[in-house]
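Report on the following structure.
Note: hydrogens, waters and symmetry copies are ignored here, and every other heavy atom, side chains too, is used. Residue numbering restarts at 1 for every chain, and letters A, B, ... go by the order of the sequence lines. Given the structure is predicted, the values throughout are model-derived calculations rather than measurements.
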Number of protein chains: 2
Amino acid sequence: MTRHVITRLAAVSRWEPGARERLQAAALDLFAEQGFAATTVPEIAARAGLTTRTFFRHFADKREVLFADDAEMPAMVAKLMAEAPDTAEPMELIVQGLRTMAETRFEGRRAALCHRRDLVRSDEGLRERDLRKRAALAEAVREGFLARGLDATRAALLAETCVTLVSVSIAEWLDRDDGRRLSGIVDEVLDRLRAELA
Amino acid sequence: MTRHVITRLAAVSRWEPGARERLQAAALDLFAEQGFAATTVPEIAARAGLTTRTFFRHFADKREVLFADDAEMPAMVAKLMAEAPDTAEPMELIVQGLRTMAETRFEGRRAALCHRRDLVRSDEGLRERDLRKRAALAEAVREGFLARGLDATRAALLAETCVTLVSVSIAEWLDRDDGRRLSGIVDEVLDRLRAELA
DNA sequence: GTCTATATTGCGATAGAC
DNA sequence: GTCTATCGCAATATAGAC
């Protein structure tokens, strides 16, 4: 009997679906409560009812748990760029792509992203990881343009500009507390960039 | 002979000037010979006739020795921006600043920068540090514009664009093996960016 | 510098799904 | 049975404290 109960308890924590999501939620909670640096992986795992080892099977390291949701963005970028008609102009492609990304990957996550931004600002290691993610995104865009036959300089210039638009727009979107849509802000930021360069 | 020995002994004494430069030269040599990862700090220090401890008094870590020459750039940016006339338009200020930086900080260092780029490409940790340096530069530009009274979004947009121009231009400059001046390439890259956004 | 706490990884065993 | 997600434990790496 006792053995059965123990087994069931173990089974619940062990096989309850959504281990990854539970780990993410636990991590977010703990980071909010005591900060990123002060939170240990064992603590996160314990709160999720899992072990340290399991944490590391889902996330490469402690920082990654904060960025996991955006891991697929480079692949999404590659797909969008590969599927676009050959006739699409580069900047048009960027604008369309940003609109799509805004609607499917960001809109609706504003509160979570705002929270993450505060955390990233609080820790040097997280800031660094954030930079790497941005660089990875730029690299995906650059490769997409190279695959479309653009020369190296043009591809790099467009990719960097695309990432600038993303990061500035998101910062603006998170700063404002009105209900504006991110895609609208992207349009506005692009207009402002055009105005600067006109 | 005796005089030579004395000179050499003097060269390794702790108050001999140029310790920092000798460490940098030794590090560059060793990185070229055996790669960044395979080179240890004690090796670098030994080749410079100094101790490991001295290395770390001059550089925060092994990576920093590669970027030390650019450490003053953010301060230089701040100075240039603070001294510019209030009437200067932002993009004009950026173009002037990039021209100045190109001439005073980059022109003439092409071979060294090319070599560094190869090293940075070979090591993930160095790539990361490079991203941090870029971010620091962008931050300096952004703060400069904030100090000049621009709103946060405009300052961020201009700062990111400025760093894009720098990095794309330098990449182009290093890729080409003709004798073109960096400042000319910056102008060309800016024209290309304007064309994309027109 | 030494030393401790934590992050991170490897490997074999086990539980539950199919 | 086979397969995958986990566990449990131990070993290494490393940052930060002393």
Item checked: Quiz item: A/Arg53 side-chain donor-acceptor pair to C/dG10 base, under 3.5 Å -> yes
Note to self: Taking only side-chain N and O atoms of A/Thr51, does any of them lie within less than 4.0 angstrom of OP1 or OP2 on D/dC7?
What the structure shows: yes
Next item on the list: Would you confirm whether B/Arg22, through its side chain, and B/Ala48, through its main-chain N or O, come within 3.5 Å as a donor-acceptor pair?
Entry: yes
Next item on the list: Whole angstrom is fine here: how far is it from NZ in A/Lys62 over to P in D/dG16?
Entry: 10 Å
Notebook entry, point to check: Can you find a side-chain donor-acceptor pair between B/Glu103 and B/Ser183 that sits under 3.5 Å?
Noted result: yes
Notebook entry, point to check: For residues B/Thr164 and B/Thr161, is any side-chain donor paired with an opposing acceptor at under 3.5 Å?
Noted result: no
Notebook entry, point to check: Do you know which two heavy atoms are closest between A/Arg63 and A/Gly125, and how far apart they sit?
Noted result: CD-O, 3.7 Å
Next item on the list: Using atom CG of A/Asp61 as one end and atom C1' of D/dA15 as the other, report the distance to the nearest whole Å.
Entry: 14 Å
Margin query: Without decimals, in angstroms, what is the distance between A/Phe36 CZ and D/dA15 P?
Written below: 14 Å
Next item on the list: Mind checking B/Thr52 for me? I need base, sugar-phosphate or nothing, with any heavy atom below 4.0 Å counting as a touch.
Entry: nothing
Margin query: Rounded to whole Å, please give me the gap between CZ in A/Phe56 and C1' in D/dC7.
Written below: 15 Å
Checklist line | Nucleotide D/dT6, atom C1' - distance to CZ of A/Arg20 in whole Å | finding: 16 Å
Next item on the list: For A/Arg57 and D/dC3, give me the distance from atom CZ to atom C1', rounded to whole Å.
Entry: 14 Å
Item checked: Rounded distance in Å - CD (A/Glu128) to C1' (D/dA15) -> 14 Å
Item checked: Phosphate-side-chain proximity, A/His58 and D/dA5, N/O vs OP1/OP2 below 4.0 Å -> no
Notebook entry, point to check: Separation of A/Arg63 atom CZ from D/dT14 atom C1', in whole Å?
Noted result: 12 Å
